[in-house]
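Working notes, beginning with the structure itself.
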Number of protein chains: 2
Amino acid sequence: MASTISTKRPSRRAGAASELSREAVVEHALELADREGLDAVGIRRIAADFQVTPMAMYWHVRNKDELLQAMGDALFENLEVPPSDGDWLDQIRAAVTAVVDALRRHPGAVELAFGRILTSPRGLQLTEQSLGALRGAGFTVREAADLARQALQTAVMLVSGRPGAELSTPEPERAAMTEAKHAALAALPVEEFPNLVACANALTDCEDERAYYGAGVDLYVAGVKELFARRRPERP
Amino acid sequence: MASTISTKRPSRRAGAASELSREAVVEHALELADREGLDAVGIRRIAADFQVTPMAMYWHVRNKDELLQAMGDALFENLEVPPSDGDWLDQIRAAVTAVVDALRRHPGAVELAFGRILTSPRGLQLTEQSLGALRGAGFTVREAADLARQALQTAVMLVSGRPGAELSTPEPERAAMTEAKHAALAALPVEEFPNLVACANALTDCEDERAYYGAGVDLYVAGVKELFARRRPERP
DNA sequence: ACCTGAACACCGTTCAAGT
DNA sequence: ACCTGAACACCGTTCAAGT
């Protein structure tokens, strides 16, 4: 009480960011989503983290929906668009891998990526490339469009569905949540569910992230390759 | 005012369901999610639809979270588990198709399926079968687990990501939303994005649902087949 | 067993006002 | 340009009380 030195804004709040600005808000919201789930992201909560009244937020962001959109767009800003040369199938693999790598940085916000791929500049660029590669290989417009969409969705799916991710549960309880799921599977009657019991661990823990994402991308690429091989040649 | 005949509960409310019960609530919530998006599903809203006070809901459901879980579980109740005979790859195709068909009935609630696959009886049964088929074919525990997970996620992804679905936007504006997305792509500079412009229609409208889901499942199955072919034989 | 009334803490958002 | 104060409509949820 007596010693009110210069303790004003000690270092803001637990894990809060620099000055209030649109970019800082979005960045903080992404980290918040990673730590405590997307449900924790709110106008009032973020304002509190910045030690500012809720209304101050509305200067930097039109409303909550726009904030969520901005978060989705931000995910694609660290998307590294690969060069568009070499084998078309390698281009496809590189494209999916690039999206996975971008989304992995903020797994808690990954579902926001869904609607924003075709509005963000880099997302557009990557999709354009992928469509070109697929059409160049001989796929029809319809096929190329569906395959490109599925490529991006595969990336989203791999990140959001990673074993042991538990995106919606806040950080502290996350490990317990995963453990509970594992226990539930392991406790199943072995006669009826021998495979689930045997795979209980593999289903709830991914162990090696690199291998997990690699295998996921491989499956998609292998599928595209196989479908390509089945195509009847255009002209003999 | 004068003629207060027996106009009590004319036919409840616009699209409301029979008597209040847990099943009726869940069923109504699923339809509501389909029509107006998952955000429209709430305790107070559903109570109003049943012409009942919000607190009445808590007799049939512990809280909102449990309601959402129940909705997820309900999705798997109309899952038709296919017979587990015949070629293992056909079993896998049948399994993915079965999940897609189940989820398609309530696209608005499809994201609730994510966490509930391995808690619902039929989801467990189908996963057990699929794991058995994959391991029987020679995949390791790790591989089988990842492939099975990806199978279910593929189903979720196909339904939730269908071109022209726009799950989060309420029914009335949905068509306009899809049209807006299409227009945005078609208006892109042709020199820079020739493929996006050419595929604008295919990317925003799926035209034939049967073909769309068929192609999506095909891609997954083709991938599994290709990965199987690459496996080094166990013993010569 | 099933539902209501009143109340609480918590949202997002608006509008006028401050500096 | 950037932020606050006060207020509004709307959530989910609890608890005691009704029938």
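Remember, it's a predicted structure, so these values are computed and weren't measured experimentally. Every chain is numbered from 1, with letters handed out A, B, ... down the list of sequences.
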* List the protein contact pattern of nucleotides 12-19 of chain C with one symbol per nucleotide (5' to 3'): B for base contact, S for sugar-phosphate-only contact, - for none; contact means a heavy-atom distance under 4.0 Å. => BBB-----
* Would you sketch DNA chain D in dot-bracket for me? Only Watson-Crick or G-U wobble pairs with both distances under 3.5 Å count, crossing pairs as [ ], other-strand pairs as |, the rest as dots. => ||.|||||...|||||.||
* To do: Let me know the distance between CZ of B:Phe50 and P of C:dT4, rounded to the nearest Å.
  => 13 Å
* Asked: Between A:Arg22 (CZ) and D:dC2 (C1'), how many Å, whole number?
  -> 16 Å
* **side-chain contact (heavy atoms from CB on, under 4.5 Å) involving A:Ala145 - partner list, sequence neighbours excluded** => B:Cys199, B:Ala202, B:Leu203
* Check ion pair A:Glu166-A:Lys181 (N to O, under 4.0 angstrom) -> yes
* Asked: At under 4.0 Å, does any side-chain N or O of A:His60 touch on OP1 or OP2 of D:dA1?
  -> no
* salt bridge (Lys or Arg N to Asp or Glu O under 4.0 Å) against B:Glu66, all qualifying residues, sequence neighbours excluded -> B:Arg22
* Spacing between A:Gln51 atom CD and D:dC3 atom P, to the nearest angstrom -> 13 Å
* Salt bridge between A:Glu207 and B:Arg142, side-chain N to carboxylate O under 4.0 Å? -> yes
* **Non-hydrogen atoms of A:Ala200 and A:Leu185 that approach each other most closely** => CB-CB, 3.8 Å
* To do: Could you tell me whether B:Arg174 and B:Glu36 have a side-chain N and a carboxylate O separated by less than 4.0 Å?
  => no
* Just jot down the side-chain contact (heavy atoms from CB on, under 4.5 Å) partners of B:Asp39, sequence neighbours excluded, or say none. => none
* Asked: Quick one: B:Leu20 CG to C:dC2 P, roughly how many Å, whole number?
  -> 10 Å
* What residues, two or more places apart in sequence or in another chain, satisfy salt bridge (Lys or Arg N to Asp or Glu O under 4.0 Å) together with B:Arg116? -> B:Asp73
